2 protein chains.
Amino acid sequence: MAQVSYREKVLRFREDAIVEAVNHLLASKGYDLMTVDEVAAEAGIAKASLYKHFTSKEELAGAAMVRVLDRAMEQASKLEAESGASALDRITSMLLWTLQVQLAGEMPTLPAQNSKLVASLRANRAYMDGLFALSDKLGSWITQAQAEGQLNPELPAEMILFTLYARACDPVLGLLKASGNYADEQIIAWLVTTTLEGLGKRPAAPPAPAPRRVR
Amino acid sequence: MAQVSYREKVLRFREDAIVEAVNHLLASKGYDLMTVDEVAAEAGIAKASLYKHFTSKEELAGAAMVRVLDRAMEQASKLEAESGASALDRITSMLLWTLQVQLAGEMPTLPAQNSKLVASLRANRAYMDGLFALSDKLGSWITQAQAEGQLNPELPAEMILFTLYARACDPVLGLLKASGNYADEQIIAWLVTTTLEGLGKRPAAPPAPAPRRVR
DNA sequence: GTCTATAAGAGGATAGAC
DNA sequence: GTCTATCCTCTTATAGAC
């Protein structure tokens, strides 16, 4: 636990480079079109060496997902430390964060249909732990926001959670960006709005809360 | 144009079976995991024979997409023929229809990241025509609904259109179904609600329109 | 643990007989 | 146009030297 040898540090550094490459490739071309050769090339390492660190392509994908889950958890903890934010504020901030990650081309996405991959993820302890930890935290915010009347209490919290996860890789963002007609901030603002308020016109103008300045 | 020979009828029938198989496989496993061998097997034909009808895997995918676009267009035309429905009613009906198709496991989905496939689709005349025809019709409904104050007029019509397309293959539906906790109708109702009204609690109860009975 | 070289196999596409 | 048999490329994964 205590002393980390130099060798081990180098090892960690290598693995970080590999996972970083996987993350990038998953975000840009997706799991099926990503080849292990590409990962090795982008990480600047021989493929055979890569297989000393990770024993399969599925494990590579798992490592990238663990990384993004960790980053999300870190972000969530940061928001929780801030005072004066409602549960809805925190949820909105997380949604914003995921959209920014996606817009930056750093959101890895995996095909839910690949049963071999899914089985590997389910057997991946770090992945499952990270997923449950994040879901627990977000879930508690969701039920709180529902109790406070800020999220629709008639929806199961589970569904709201799924929707937040789904919007983290919503293709609408990519389509709007590809059209080239809108600024990034505009795109993100629209996605947040439609996720929370839908496509319909609100029946009454929502009373705009006075923006609270943090000093 | 007039006389269709018996041989040609048989041909069409074969091709329908092939496209049907592709549609099913695209919906269940997706493009990358679908193999041409599977398509041939499910269509009850040898692979080499299949290649006499379609020259590539991309073309197979294109044919399946043309089929679903045609079905959607047919549905839209039917809605347009009905009187007494507002633009929003029609849009809602189309959303409902796509969700039902998805729930039935008949919604083919393609990876937007596969550039080779995308290029093939763009060069596919029937696909592009079908896509534009449907988009035009839906687009006109959208702008009408916006003018009538039923859809948020501050959103570009284009974004609303993208969102409708995206919800047609929203993973949330599959996640809710996989949880096994909810009835199909319930799942669809929630998805329609969140798409149009979002996750947030509405500030005022929307005035429920008296249900108009069709006699 | 890193490399070069290669095995092993899947999957898209085709040859050629009928 | 349909079939069987085959080609060939791409990709995952490993052998074995250093």
Side-chain angles (χ1 to χ4, degrees), chain A residues 4-19 21-22 25-26 28-64 110-111 113-121 123-124, chain B residues 4-19 21-22 25-26 28-64 110-111 113-121 123-124:
Chain A
V4 181
S5 70
Y6 176 73
R7 269 195 97 70
E8 199 158 336
K9 271 190 195 167
V10 172
L11 213 82
R12 288 282 163 82
F13 192 76
R14 271 278 154 83
E15 296 193 348
D16 277 352
I18 296 172
V19 177
V22 172
L25 287 167
L26 284 181
S28 60
K29 15 183 16 176
Y31 181 78
D32 295 296
L33 266 63
M34 174 186 86
T35 70
V36 180
D37 290 84
E38 285 172 323
V39 177
E42 194 163 318
I45 196 178
K47 184 163 57 166
S49 309
L50 193 157
Y51 272 99
K52 298 280 181 180
H53 295 274
F54 302 91
T55 67
S56 69
K57 186 181 176 183
E58 286 87 16
E59 206 177 307
L60 282 174
L110 297 181
Q113 296 149 326
N114 187 332
S115 56
K116 198 172 153 198
L117 175 59
V118 170
S120 166
L121 287 176
N124 186 329
Chain B
V4 180
S5 70
Y6 175 74
R7 270 195 96 69
E8 199 158 338
K9 272 189 195 166
V10 172
L11 212 81
R12 288 281 163 84
F13 191 76
R14 272 277 154 84
E15 296 193 348
D16 277 353
I18 296 172
V19 177
V22 173
L25 287 167
L26 283 182
S28 59
K29 11 181 25 175
Y31 181 77
D32 294 296
L33 266 63
M34 174 186 87
T35 69
V36 179
D37 291 82
E38 285 173 322
V39 176
E42 193 163 319
I45 196 177
K47 184 161 61 164
S49 308
L50 192 156
Y51 272 98
K52 298 280 182 182
H53 295 275
F54 301 92
T55 67
S56 69
K57 187 182 177 184
E58 286 86 16
E59 206 176 307
L60 283 173
L110 297 182
Q113 297 150 324
N114 188 331
S115 57
K116 198 172 152 196
L117 174 60
V118 170
S120 166
L121 287 176
N124 186 328

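This is a predicted model, so every value here is computed, not measured. The sequence lines fix the lettering, A, B, ..., with proteins before strands; numbering per chain opens at 1.
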Practice problem: Tell me which nucleotide among D:dT2, C:dC3, C:dA13 gets nearest to the side chain of A:Ser49. | Solution: C:dC3
Quiz item: What is the distance from NZ of A:Lys52 to C1' of C:dT4, rounded to the nearest Å?
Solution: 13 Å
Quiz item: Within this structure, what is the CG-to-P distance between B:Asp32 and D:dT11, rounded to whole angstrom?
Solution: 12 Å
Self-check item: Minimum heavy-atom distance between B:Val39 and B:Leu60, given as atom pair plus value
Solution: CG1-CD1, 4.4 Å
Quiz item: Between atom CD in B:Glu38 and atom P in C:dA13, what is the gap in whole Å?
Solution: 15 Å
Quiz item: What integer distance in Å separates B:Leu50:CG from D:dT4:C1'?
Solution: 16 Å
Quiz item: Over how many whole Å does the gap from A:Leu33 atom CG to D:dT11 atom C1' extend?
Solution: 12 Å
Practice problem: Using a heavy-atom cut-off of under 4.0 Å over every strand shown, decide if A:Ser56 touches base, sugar-phosphate, or nothing. | Solution: sugar-phosphate
Practice problem: For the pair A:His53 and A:Leu11, evaluate side-chain contact (heavy atoms from CB on, under 4.5 Å) and give the outcome as yes or no after the intermediate values. | Solution: CA-CA 9 Å; A:His53 295 274; A:Leu11 213 82; 4.0 Å; yes
Quiz item: What's the CE-C1' distance between A:Met34 and D:dC10, to the nearest Å?
Solution: 15 Å
Quiz item: Taking the side chain of A:Arg7 as its heavy atoms from C-beta onward, which of D:dT11, D:dG1, C:dG1 lies nearest to it?
Solution: C:dG1
Quiz item: So, is B:Tyr51 near the phosphate of C:dA13, with a side-chain N or O under 4.0 Å from OP1 or OP2?
Solution: yes
Exercise. Taking only the side-chain heavy atoms of B:Lys57 (C-beta and beyond), determine which of C:dA13, C:dG11, D:dT2 contains the nearest atom.
Key: C:dA13
Quiz item: DNA chain D: B:Leu11 or B:Ala48, which has the more 5' nearest nucleotide?
Solution: B:Leu11
Quiz prompt | Option from B:Glu59, B:Lys57, B:Lys52 for which side-chain hydrogen bond (donor to acceptor under 3.5 Å, both in side chains) with B:Thr55 holds | solution = B:Glu59
Quiz item: Any donor-acceptor pair under 3.5 Å joining the side chain of B:Lys47 to the base of C:dG12?
Solution: yes
Exercise. Measure from CZ on B:Phe54 to P on C:dG12 and round the result to the nearest Å.
Key: 16 Å
Practice problem: Choose from C:dG1, D:dT11, C:dG12 the nucleotide whose nearest atom is closest to any side-chain atom of B:Asp37. | Solution: C:dG12
Self-check item: Of the listed nucleotides C:dT2, D:dT2, C:dG12, the one nearest the side chain of A:Ile45
Solution: C:dT2
Quiz item: Run the side-chain contact (heavy atoms from CB on, under 4.5 Å) check on B:Tyr51 and B:Val36 step by step: do they pass?
Solution: CA-CA 9 Å; B:Tyr51 272 98; B:Val36 179; 3.7 Å; yes
Practice problem: Might you point out which heavy atoms bring B:Asn114 and A:Leu33 nearest each other, and give the distance in Å? | Solution: CA-CD2, 3.8 Å
Quiz item: B:Arg14 side chain: which of D:dT2, C:dC3, D:dT12 is closest?
Solution: D:dT2
Practice problem: Report the distance from atom CG of B:Asn114 to atom P of D:dC10, rounded to the nearest whole Å. | Solution: 15 Å
